[in-house]
> 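This is the structure, below, for whatever I ask next.
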Amino acid sequence: MPAYAVIGGQWGDEGKGKVVDYLARNAHVVARYSGGNNAGHTVINDQGEFKLHLVPAGIFWPHTTCVIGNGVVVDPSALMSELAGLRERGVDASRLQVSPRAHVIMPYHVALDQLEEKARGAGAIGTTGRGIGPAYMDKASRLGIRIADLLDGATLPGRLENVLRQKNRLITGGYGGKPFELEEVLATCATWAGQLRPYVKPVDETLATALTDGKSVLLEGAQGTLLDVDHGTYPYVTSSSPTVGGAIIGLGISPKAIAGITGIYKAYTTRVGAGPMPTELTNGIGDLIRQRAWEYGTTTGRARRCGWFDAVAARYSATLNGFTSAILTRLDVLDGIKPLRICTAYELDGKRTASFPDTDELARCTPVYEEHPGWDQSTAGLTRWQDLPKGAQRYVDRLAELIGAPIAVISTGPKREETIELAKVIP
Ligand code: GDP
């Protein structure tokens with residue numbers, strides 16, 4: 001049963017877009033399973049440079065079926081403008097399938113997301129303000145509107161009337177915001193239903209058939225393991241499950257279907273928004289990495305916090321997901337930075353630990369580093385292991401050892417072909 005998961009091993013932005021576009025060459029189906037249009041996947045290939053938020057990064061290969069699973073929350077306007085953008089640039093996205101069980105990000109979710117984050121003041125958690133959190137809240141509280149509900153015009157008005165009564169009470173009473181009119185929201189829903197209808201397919205059947213027929217299915221993670229709502233640095237997390245468990249639930253496939261689980265790691269660490277990050281560099285090296293790697297959010301434009309590779313966090317996510325291999329991206333960003341450091345343990349309240357603790361303790365951790373000499377030569381764009389400088393080879397080998405999984409692919413640049421393949425992620 002050949003499903004292969006590709007999952008962010010850090011705090012997101014590991015380069016999943018580039019890697020999924022690269023790997024999708026060998027996939028029949030590429031499926032997104034969690035998050036919403038808070039994801040920002042950058043792809044640079046022979047068709048140009050693209051920023052994807054909802055559409056799986058396999059879309060550039062005409063032989064792939066791309067799937068948005070039930071675990072994703074969908075803002076139909078965002079999806080439609082993404083599809084229009086692809087169409088305008090000659091990318092055929094008609095093979096996209098969207099699960100009718102996926103929840104819809106409604107206009108009041110976006111309003112509430114922004115009002116709630118503003119009300120948090122200094123305690124803001126750094127949401128992207130796109131309604132993702134409130135949509136998942138409604139899913140859990142059974143107030144959500146699913147794509148199936150949008151298409152079924154009969155039940156929608158009654159359900160929406162109930163939901164709006166509650167939301168408007170909160171928006172006007174709690175936050176002093178402007179209420180939503182039922183008729184207006186219904187009209188928006190009708191437009192969305194018409195636009196979405198051609199893409200809505202029984203995604204679980206598509207996946208089950210593909211898996212039974214022995215076709216390769218690539219499970220495309222969004223965000224990263226350390227942002228998982230259960231296993232990440234709560235509350236500085238996303239509201240879904242980017243980890244491998246999220247793929248099972250977010251697509252409706254069996255764990256037995258998964259033949260490989262690959263973690264994607266940057267050769268250093270970044271984090272966007274608030275929350276502890278023990279290896280953060282607030283000095284010139286952090287600035288150098290940020291500028292050289294242009295570490296600014298694809299979705300929000302926010303400056304990302306940059307730091308040394310945190311092998312304690314990396315090993316935690318490898319263990320949690322059961323990574324069978326790892327992919328290292330942005331190795332080229334470290335060219336000429338000497339020496340390099342890797343965090344191999346933390347100092348917590350005077351004691352050394354190699355475990356990844358919960359959030360408040362993590363905030364008290366200071367990193368214990370080992371030093372590496374680095375390398376002088378450029379690795380940018382290299383495609384063969386033997387061409388990497390010895391210092392880079394040793395650095396990669398050490399990261400594999402610390403992560404606890406063999407490195408299958410090394411990315412040396414943002415373009416599809418700027419890749420060293422050491423082992424097949426999808427056979
Ligand atoms: P994602 O959300 O995990 O897909 O990551 P983002 O797209 O937000 O950020 C990754 C950024 O790194 C994008 O701008 C990519 O084009 C770029 N990128 C990916 N791999 C490499 C690499 O190996 N080297 C360099 N220099 N840039 C890369």
Side-chain angles (χ1 to χ4, degrees), residues 5-24 30 32-60 72 82 128 130 132 218-227 238 240 242 262-273 288-306 309 317 326-337 378-383 388 392 395-396 399 407-422:
V6 173
I7 291 172
Q10 296 159 315
W11 276 288
D13 310 313
E14 296 91 350
K16 293 177 293 292
K18 137 108 200 217
V19 166
V20 171
D21 171 61
Y22 176 80
L23 295 176
V30 180
R32 260 287 295 273
Y33 60 83
S34 71
N37 56 317
N38 49 348
H41 293 175
T42 310
V43 173
I44 307 177
N45 56 29
D46 48 6
Q47 295 167 76
E49 175 167 350
F50 301 87
K51 310 269 179 210
L52 299 173
H53 301 281
L54 279 166
V55 176
I59 200 73
F60 304 98
V72 176
E82 198 169 316
T128 54
R130 302 199 165 183
I132 316 285
L218 198 167
L219 314 177
E220 175 183 338
Q223 286 87 37
T225 296
L226 304 175
L227 294 172
T238 194
S240 62
T262 301
I264 305 193
Y265 296 90
K266 272 182 209 188
Y268 48 94
T269 308
T270 63
R271 160 158 218 173
V272 72
L288 174 72
I289 293 176
R290 186 175 309 106
Q291 287 314 311
R292 185 186 280 185
W294 202 246
E295 289 290 1
Y296 294 89
T298 311
T299 299
T300 57
R302 287 182 293 184
R304 295 178 185 147
R305 301 153 66 193
C306 300
F309 191 88
S317 55
I327 292 176
L328 205 60
T329 65
R330 307 200 119 191
L331 185 68
D332 54 300
V333 169
L334 301 182
D335 290 351
I337 301 181
S378 165
T379 64
L382 293 183
T383 56
L388 285 179
Y395 183 74
V396 172
L399 293 192
I407 307 282
V409 174
I410 301 167
S411 172
T412 57
K415 298 194 187 123
R416 188 189 273 170
E417 64 278 8
E418 293 173 325
T419 307
I420 301 173
E421 190 167 302
L422 302 172

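This structure is a prediction, so every number in the text was calculated from the model and none was measured. When a ligand or atom number is given, it counts from 1 through the structure's own listing order. Sequence positions, counted from 1, serve as the residue numbers for this chain.
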> With a 4.0 Å cut-off on heavy atoms, is Gly40 in contact with ligand 1?
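Distance cut 4.0 Å: Gly40 passes for ligand 1.
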> Taking Glu82 for its side chain and Leu54 for its backbone only, find out whether a donor-acceptor pair lies under 3.5 Å.
yes
> Using modelled atom types only, decide if a donor and an acceptor are shared between the side chain of Lys18 and the backbone of Gly413 within a distance under 3.5 Å.
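Yes, the answer is positive, given that a donor and an acceptor are paired below the 3.5 Å cut-off.
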> Please could you name the atoms of ligand 1 that Ser411 approaches to less than 4.0 Å, counting only its heavy atoms?
20 (N), 21 (C), 22 (C), 23 (O)
> Test of understanding: given a 4.0 Å heavy-atom threshold, classify the contact between Val19 and ligand 1 as side chain, backbone, both, or neither.
neither
> Does Gln10 come within less than 4.0 angstrom of ligand 1, counting non-hydrogen atoms of the residue?
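Per 4.0 Å heavy-atom rule, Gln10 does not contact ligand 1.
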> Polar contacts were defined as any N/O atom of the residue lying under 3.5 Å from an N/O atom of the ligand; does this apply to Gly12 and ligand 1?
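No.
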> Can the ring centroids of Phe60 and Phe50 be said to lie less than 6.0 angstrom from one another?
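Yes, the ring of Phe60 comes within the 6.0 Å limit of the ring of Phe50, centre to centre.
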> Which value, rounded to the nearest 0.5 Å, describes the distance between Leu331 atom CG and Ile410 atom CD1?
6.5 Å
> So, does Thr269 use its side chain to make a donor-acceptor pair with the main chain of Lys266 at under 3.5 Å?
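Side chain of Thr269 to backbone of Lys266: no pair is present.
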> Measure from the side-chain N and O atoms of Lys16 to the backbone N and O of Gly221, and report whether any donor-acceptor pair falls under 3.5 Å.
no
> Only heavy atoms count here, so choose which of Ile44, Asp332, Val20 is nearest to atom 24 (N) of ligand 1.
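Among Ile44, Asp332, Val20, the closest heavy atom to atom 24 (N) of ligand 1 belongs to Asp332.
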> Check Arg302, Gln291, Arg290, Arg304 against Tyr296 for a side chain to side chain donor-acceptor pair (under 3.5 Å) and give me the one that passes.
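That would be Gln291; it is the only one of Arg302, Gln291, Arg290, Arg304 passing the side chain to side chain donor-acceptor pair (under 3.5 Å) with Tyr296.
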> Calculate, to the nearest 0.5 Å, the distance between atoms CZ and CD belonging to Phe309 and Gln10 respectively.
5.5 Å
> As an exercise, identify every atom of ligand 1 less than 4.0 angstrom from a heavy atom of His41.
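Close to His41: 1 (P), 2 (O), 4 (O), 7 (O).
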> Heavy atom to atom 11 (C) of ligand 1, shortest distance: which of Glu418, His53, Gln223, Arg330 holds it?
Arg330
> At a 4.0 Å threshold, what atoms of ligand 1 neighbour a non-hydrogen atom of Gly17?
4 (O)
> At under 4.0 Å between heavy atoms, which part of Lys415 makes contact with ligand 1: side chain, backbone, both or neither?
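Neither; nothing of Lys415 gets under 4.0 Å from ligand 1.
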> Does Glu14 reach ligand 1 with a nitrogen or oxygen that is under 3.5 Å from one of the ligand's nitrogen or oxygen atoms?
yes
> Out of Ile44, Asn45, Thr42, which residue meets the side-chain contact (heavy atoms from CB on, under 4.5 Å) rule with Asp21?
Asn45
> Has ligand 1 got any nitrogen or oxygen that is less than 3.5 angstrom from a nitrogen or oxygen of Thr42?
yes
> With respect to atom 16 (O) of ligand 1, which of Pro414, Ala380, Gly221 exhibits the smallest heavy-atom separation?
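It is Pro414 whose heavy atom sits nearest to atom 16 (O) of ligand 1.
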> Looking only at atom types and distance, does a side-chain atom of Glu418 sit under 3.5 Å from a main-chain N or O of Arg416, one as donor and one as acceptor?
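Answer holds: no.
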> Is there a heavy atom in Gly413 that sits closer than 4.0 Å to ligand 1?
yes
> Can an N or O of Arg304 be found at a distance shorter than 3.5 Å from an N or O of ligand 1?
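Yes - when backbone and side-chain N and O of Arg304 are compared with those of ligand 1, one distance drops under 3.5 Å.
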